[in-house]
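When a ligand or atom number is given, it counts from 1 through the structure's own listing order. These numbers come from a predicted model, not from an experiment.
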Amino acid sequence: MNFQKVSTLDELWEGDMAEVEVDGHVIVLVRPEGGAPRAFQGICPHQDIPLAEGKFDGRVLMCRAHQWTFDANTGKGINPGGCRLAEYAVKVDGDDILIAVEGVEPLFANC
Ligand code: FES
């Protein structure tokens, strides 16, 4: 897999989120409390709203548009359930956070 550096642990503290783009993929990078950085599709599966414009409390990611919520450790939908965010592979190398996008496609609307 082709991992590309997108951020550092120094830039992305626990409870932080950021939007990054890798090879045309819009990605929301989150660092859940007590956990490792995770990378999910950056566009809400409901409609075309960037998730990084929503809220993140360290555990739950909430879209700003209609308040859909997702578990930031798994990408699984909380409300509505049965929905999920596509997840990208993340690697931490020293202080660097790297993401690989091969084979991942965002999920939309069939929640
Ligand atoms: S666009 Fe995200 S909840 Fe509707």
State the atoms of ligand 1, each with its element, that fall below the 4.0 Å cut-off from a heavy-atom position in [X].
X	value
I49	1 (S)
W68	3 (S)
H46	1 (S), 2 (Fe), 3 (S), 4 (Fe)
Q47	1 (S)

Count the heavy atoms belonging to other residues, nucleotides or ligands that lie under 6.0 Å from CG of N2, then report whether that count exceeds 12.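 Yes, because the 6.0 Å sphere around CG of N2 holds more than 12 heavy atoms from other groups.
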Just by modelled atom types, is the G34 backbone N or O under 3.5 Å from a matching donor or acceptor in the E14 side chain?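 The answer is yes, because a donor-acceptor pair under 3.5 Å joins these two groups.
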Is a side-chain donor or acceptor of R38 paired with a backbone partner of P32 at a separation under 3.5 angstrom?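 No, the answer is negative, given that no donor and acceptor are paired below the 3.5 Å cut-off.
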Regarding C63, does it place an N, O or S atom less than 2.8 Å from atom 2 (Fe) of ligand 1?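 Short answer: yes, at least one N, O or S atom is under the cut-off.
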N, O or S from H66 under 2.8 Å to atom 2 (Fe) of ligand 1: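 Within the cut-off used here (under 2.8 Å), H66 places no N, O or S atom near atom 2 (Fe) of ligand 1.
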Parallel, tilted or perpendicular: rings of H66 and H46 (30°, 60°):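 Judged by the thresholds at 30° and 60°, the geometry between H46 and H66 is perpendicular.
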I'd like to know if K76 pairs up with D71 as an ion pair, taking the criterion as any Lys NZ or Arg NE/NH1/NH2 lying under 4.0 Å from an Asp or Glu carboxylate oxygen.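 The answer is no: the pair does not qualify as a salt bridge.
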